[in-house]
Visitor: 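Dumping the structure here so I can ask a few things about it.
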Amino acid sequence: MTADATGAEPADRRPTGIPDRPGLEGLEASWSARWQSAGTYAFDRSAPRESVYSIDTPPPTVSGELHIGHVFSYTHTDAMARFHRMRGKAVFYPMGWDDNGLPTERRVQNYFGVRCDPGLPFDPDFEPPDDPPKDPIAVSRPNFVELCRQLTVEDEKAFEQLWRTLGLSVDWTHSYATVGEVAQRASQRSFLRLLGSDHVYQRTAPTLWDIDFRTAVSQAELEDRDRPGAYHRIAFPRADHPGPAVEIETTRPELLAACVALVAHPDDERYRPLFDTFVRTPLYAAKVPVLAHELADPEKGSGIAMVCTFGDTTDVVWWRELHLPTRTIIGRDGRLLPVAWGTEGWESTAPAEAAAHYDQVVGKTVKQAQTRLVEQLAESGALIGEPTPITHPVKFYERGDRPLEIVSSRQWFVRTLPMRDKLLERGEELEWYPPYMAHRYRSWVEGLNSDWNISRQRFFGVPFPVWYPVGADGEADFAAPIPATEDRLPLDPSTDVPTGYTPEQRGVPGGFVGDPDVMDTWATSSLTPQIAGRWEDDPDLFGRVFPMDLRPQSHEIIRTWLFSTIVRSEIEFGSLPWSHAAISGWVLDPNRKKMSKSKGNVVTPLPLLEQHGADAVRYWAANGRPGTDTAVDEGQMKVGRRLAIKVLNASRFALGRLADETGAIAVPGPEAITVPLDRSMAARLAGVVSEATAAFEGYDYARAIERTETFFWSFCDDYLELVKTRAYGDPAQPGPASARAALALALSTQLRLFAPFLPFVTEEVWSWWRTGSVHRSAWPTASELDGPASGADSKVLEVVAEVLGTVRRAKTTAKQSMRAGVAVLTVTDTAERIDALLSAVDDLKDAGGVAELITVIGSEPAVDVVLDIQD
RNA sequence: GGGCGUUUAGCUCAGUUGGUUAGAGCGCAGCCUUCACACGGCUGAGGUCGGAGGUUCGAGUCCUCUAGCGCCCACCA
């Protein structure tokens, strides 16, 4: 047999023989340790690209709780990795940890009682106190980052342990962390190249801003949430022309002081006469123009809108396209800023009055300000009628608790908008599983409305490797960044010094300052193929694994991770980063609700693994179809456990037929399989192999396990029962020899078919009678079964199993034991089926306890069972 | 507003290009414990496939319309 040829295993992996009482307990610990020491899953980096199957493993966020959803989707990937490995590929299956970003920051702040002040210098002697102090200690960015690393190391250990228990066939020598040196170097190198090729630019512009995290966020991190609000109808008196006041409707009256214009649709007859005239804001008496713009919707509200800087993204469009001035009143903390009414930019015909009104809201939060504003408007008579309550979508940062504001800030952007058509092409080129997931990518790319903002005003992340010269006036010149050279990466500009400067020149006139921001977490995660493949650090490795074969991930991060990875690969290499994307569904709680921390319905995997065993949990996961949301179902895990136990027992039973008096197991060759029933079984098994293989090739692991499992149960129920007597016969005789050879072939084949799903139990059984690891054995092929299967009548097993089933039914109906004898069994059927039956007559008689079989050729199939009742 | 998915036995789901009496597991009921498996085995009762119409010799499986559920996208003052 060639199955073991690829298994380079140490000498201690010889067959162990059949244990007396096989069980599942302890398999995870013992086999994961042996796989580790034997290097069973080591990537063969001498393999040429065409022999490699490379996987861009999703790096899980390690600062979060372990989640059953991880187990679910990683099991899918692992099954596919194991399939390709058994098919002879050198599988590149690395593991990454996403320890970058806000979740880690928050945890570190609370855990150690620190806060990051990027203005401070690095303190090499800093040690966090044992008990976190009430007032957070300010630490430098490098110190803060060090604490983040310290904590994430612990989380990563817990994850690695979970993955080993689950049996992931990862090569642990290829691990990375998104804040690790390799990832930082790749991120910074890529950034410098984007800067050099003009794919990134820096701009001060209105930016979506989270007032709690105090950072900009990108379009990809937005989500709409329905929130209660109200339309407030407000009258703006006309300024230079007589006529009735203009009434607008707004949900954000608190932004009145930031109003810079009113805008209506150019074709709106109601407002056309007002265009290019002026009105005055209530309370503040600021003169603002009435303008025309096509984005104004005549159907909405009163058909004329108040433009503020900035209430929403439409305001930004109007502000830009109508060249409006900026009146900023919302600070980065979400509170109203002080304003000097009557000075330039804050002109008012009644500045004292304006200031008196505004003084009552300055410093308040947006919400508080709105309450007071509405009172003031009502008192002044500008509020028309009562506010009309509505529910409307409001933009939130996906991790945030309060609505986003729009503030002007300096940010780095990747030019994604000009790439849109190319990105759509790449989306077409990528093979999606399931295919309909491509729609999500397409609608996202088509809906892009801004370049990708990659800078965040946070600390724990990859810093931008640039500095800015400080002029004689002490101001940094952001227009003239000083990029680092690639040979110095990774570096932190808040502590490292640009070439040609001295540390003393930091922040002084004529000196320099470092860029204070860090990269968006996706700016690093978008490089996972480059990071895992050691782009530029190890060109030989990179050339063997990139572009990768598979990106497995879940559907909610198509617009972030999948999209951004394609962007980076397109810019850097002009190609897709991988050829296939397998999108997994979500795990829902047992009541089919989405799991979330706030609902408290998150299921943790460890107790499930301990209770049911890894193979059982994997069985549940493997039955979740690609892309389909699947509920946690302990019932399915119990079924999986039963299956694993059945594999142990059926194997023990079959192998017992192959053992001699000393317990040594002889494995007869397939050429001995000559009996029609055995050949029939082989033919059906060949069909299962073909189906499972085709399913795996189409990334449909679930179909592969389903077909294998169905065959296995009928193999146990029918075939094993039918041959167990014959297999005990004299091995020198053709009948027993055929049965034994067929059992060996069937067992070997089925163990290999199950191996990607049930790695522990299949390896355990394999070790009883085979050399090497089942996971390094060759995936079964239909041609292996050709000898016995070709020309076989596949009806034999089918007809015999049917008749045996009828016999069982008769016994059950008569409330007899399955061991009860059958005096006469009469089978009426077509000549063809009777022939098939007769070819296995002795096995049928043995399995059914049948004394006499009478066959009748007829048109109406019937089975008549006369039980041999013994008193 | 645009788009995608889904709706099959009490529950969770399969049903691949349309083809004979619609499948599985769980749950339920009954039977069977020396001789692989009680962390078991066997057997059985349960659906006419969300609704309406259409194409076809024939539709759960294709087309049209429609309803519920879930999700994605969108410049909703």
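Chain naming here is simple, since letters A, B, ... match the order of the sequence lines and numbering starts at 1 in each. Model, not experiment: these values are computed from the prediction.
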Visitor: Provide the distance between the two C1' atoms, one in B:G50 and one in B:U6, to the nearest whole Å.
Guide: 11 Å
Visitor: For A:Lys811 and B:U33, give me the distance from atom NZ to atom P, rounded to whole Å.
Guide: 12 Å
Visitor: Write out a two-atom table: protein N or O, nucleotide N or O from nucleotides 36-47 of chain B, distance below 3.5 Å.
Guide:
from: B:A36; atom 1: O2'; to: A:Arg652; atom 2: NH1; distance (Å): 3.2
from: B:A36; atom 1: N6; to: A:Glu721; atom 2: OE2; distance (Å): 3.4
from: B:A36; atom 1: N3; to: A:Asn649; atom 2: O; distance (Å): 3.2
from: B:C37; atom 1: O2'; to: A:Asn649; atom 2: ND2; distance (Å): 3.4
from: B:C37; atom 1: O2; to: A:Lys646; atom 2: NZ; distance (Å): 3.0
from: B:C37; atom 1: N3; to: A:Lys646; atom 2: NZ; distance (Å): 3.2
from: B:C39; atom 1: O2; to: A:Arg641; atom 2: NE; distance (Å): 3.2
from: B:G41; atom 1: OP2; to: A:Arg642; atom 2: NH1; distance (Å): 3.2
from: B:C42; atom 1: OP1; to: A:Asp717; atom 2: OD1; distance (Å): 2.2
from: B:C42; atom 1: OP1; to: A:Asp717; atom 2: OD2; distance (Å): 2.4
from: B:U43; atom 1: O3'; to: A:Arg809; atom 2: NE; distance (Å): 3.3
from: B:G44; atom 1: OP1; to: A:Arg809; atom 2: NE; distance (Å): 2.5
from: B:G44; atom 1: OP1; to: A:Arg809; atom 2: NH2; distance (Å): 3.4

Visitor: Report the secondary structure of RNA chain B in dot-bracket form, marking unpaired bases with a dot and bases paired to a different strand with |, and treating Watson-Crick or G-U pairs with both distances under 3.5 Å as paired.
Guide: (((((((..((((.....[...)))).(((((.......))))).....(((((..]....))))))))))))....
Visitor: Just by distance, with hydrogens left out, do A:Tyr699 and A:Glu431 show a side-chain donor and acceptor under 3.5 Å apart?
Guide: no
Visitor: Go through B:C31, B:A77, B:A74 for me and flag the one nearest to the A:Lys815 side chain.
Guide: B:C31
Visitor: In whole angstrom, give me the gap between the C1' atoms of B:U61 and B:C28.
Guide: 31 Å
Visitor: Using atom P in both nucleotides, what's the gap between B:A59 and B:C63 to the nearest angstrom?
Guide: 16 Å
Visitor: Select base, sugar-phosphate, or nothing to describe what A:Gly656 touches, counting heavy atoms under 4.0 Å on all strands.
Guide: nothing
Visitor: Can you tell me, in whole Å, how much space there is between the C1' of B:G46 and that of B:U21?
Guide: 16 Å
Visitor: Is there a salt bridge (charged side-chain N to carboxylate O under 4.0 Å, His left out) between A:Asp700 and A:Arg707? Walk through the geometry before answering.
Guide: CA-CA 11 Å; A:Asp700 192 352; A:Arg707 294 304 145 103; over 6 Å; no
Visitor: Walk me through it: do A:Glu832 and A:Thr830 pass the test side-chain hydrogen bond (donor to acceptor under 3.5 Å, both in side chains)?
Guide: CA-CA 5 Å; A:Glu832 200 182 18; A:Thr830 62; 5.0 Å; no
Visitor: Kindly label the base of B:G46 as syn or anti, based on whether its glycosidic torsion lies within 90° of 0.
Guide: syn
Visitor: More 5' along RNA chain B: A:Asp297 or A:Arg707, using each one's nearest nucleotide?
Guide: A:Arg707
Visitor: Output the rounded distance in Å from CZ (A:Arg227) to P (B:A77).
Guide: 15 Å
Visitor: Whole angstrom is fine here: how far is it from CD in A:Glu556 over to P in B:G70?
Guide: 18 Å
Visitor: Decide if the gap between the ring center of A:Phe72 and the ring center of A:Trp620 is smaller than 6.0 angstrom.
Guide: yes
Visitor: Quick one: A:Ile558 CD1 to B:C71 C1', roughly how many Å, whole number?
Guide: 11 Å
Visitor: So A:Arg625 and A:Glu706, salt bridge (charged side-chain N to carboxylate O under 4.0 Å, His left out) or not? Walk me through it.
Guide: CA-CA 11 Å; A:Arg625 253 65 193 175; A:Glu706 191 236 316; 3.6 Å; yes
Visitor: Look at the side chain of A:Thr313 and decide which nucleotide, out of B:C75, B:C76, B:A14, has an atom nearest to it.
Guide: B:C75
Visitor: Quickly work out the A:Ile583 CD1 to B:C72 P distance and round it to whole Å.
Guide: 14 Å
Visitor: May I have the list of side-chain donor-acceptor pairs in residues 17-25 of chain A shorter than 3.5 Å, sequence neighbours left out?
Guide:
from: A:Glu25; atom 1: OE2; to: A:Arg641; atom 2: NH2; distance (Å): 3.2

Visitor: So what does A:Val317 hit on the nucleic acid, given a heavy-atom distance under 4.0 Å: a base, only sugar-phosphate, or nothing?
Guide: nothing
Visitor: Between A:His392 and B:A77, does any side-chain N or O lie under 4.0 Å from OP1 or OP2?
Guide: yes
Visitor: Can you tell me which nucleotide in B:G15, B:C76, B:G25 comes closest to the side chain of A:Gln636?
Guide: B:G25
Visitor: Check whether any side-chain heavy atom of A:Trp768 sits under 4.5 Å from a side-chain heavy atom of A:Leu655, and report yes or no.
Guide: yes
Visitor: CG of A:Asp633 versus P of B:G10: gap in Å, rounded?
Guide: 18 Å
Visitor: Quick check: on RNA chain B, is the nucleotide nearest A:Arg442 upstream (toward 5') of the one nearest A:Thr630, or the reverse? Name the residue that is more 5'.
Guide: A:Arg442
Visitor: Considering only atom C1', compute the distance from B:U17 to B:G1 and round it to an integer number of Å.
Guide: 36 Å
Visitor: So which nucleotide from B:C32, B:C71, B:U16 ends up closest to the side chain of A:Ser817?
Guide: B:C32
Visitor: State whether A:Glu405 and A:Arg252 are salt-bridged, where the test is any N-O pair (Lys NZ or Arg NE/NH1/NH2 against Asp/Glu carboxylate O) under 4.0 Å.
Guide: yes
Visitor: Could you check whether any side-chain N or O of A:Trp432 sits under 3.5 Å from a backbone N or O of A:Ala581, counting only pairs where one atom can act as donor and the other as acceptor?
Guide: no
Visitor: Using atom C1' of each nucleotide, how far apart are B:C62 and B:U55 to the nearest Å?
Guide: 8 Å
Visitor: Rounding to the closest angstrom, what is the interatomic distance between B:G54 and B:C42 at atom P?
Guide: 46 Å
Visitor: Quickly work out the A:Tyr701 OH to B:A14 P distance and round it to whole Å.
Guide: 11 Å
Visitor: Which part of the nucleic acid does A:Asn449 contact within heavy-atom distance under 4.0 Å: base, sugar-phosphate only, or nothing?
Guide: sugar-phosphate
Visitor: Between the side chain of A:Thr630 and the main-chain N/O of A:Thr628, is any donor-acceptor distance below 3.5 Å?
Guide: yes
Visitor: Surrounding NZ of A:Lys795 (heavy atoms of other residues, nucleotides or ligands, distance under 6.0 Å), is the total greater than 12?
Guide: yes
Visitor: Under 4.0 angstrom, heavy atoms only, what part of the nucleic acid is A:Ala702 near: base, sugar-phosphate, or nothing?
Guide: nothing
Visitor: Give one of base, sugar-phosphate or nothing for A:Arg625, where a contact means two heavy atoms less than 4.0 Å apart.
Guide: sugar-phosphate
Visitor: Could you measure between the two C1' atoms, the one in B:C11 and the one in B:G47, and give it in whole Å?
Guide: 13 Å
Visitor: From B:G25, B:C4, B:A77, pick the nucleotide closest to the side chain of A:His439?
Guide: B:C4
Visitor: Using atom types as modelled and distance alone, determine if a side-chain donor or acceptor of A:Asp615 lies under 3.5 Å from a backbone N or O of A:Phe760.
Guide: yes
Visitor: If I take atom CG in residue A:Asp589 and atom P in nucleotide B:U12, what distance separates them, rounded to the nearest angstrom?
Guide: 12 Å
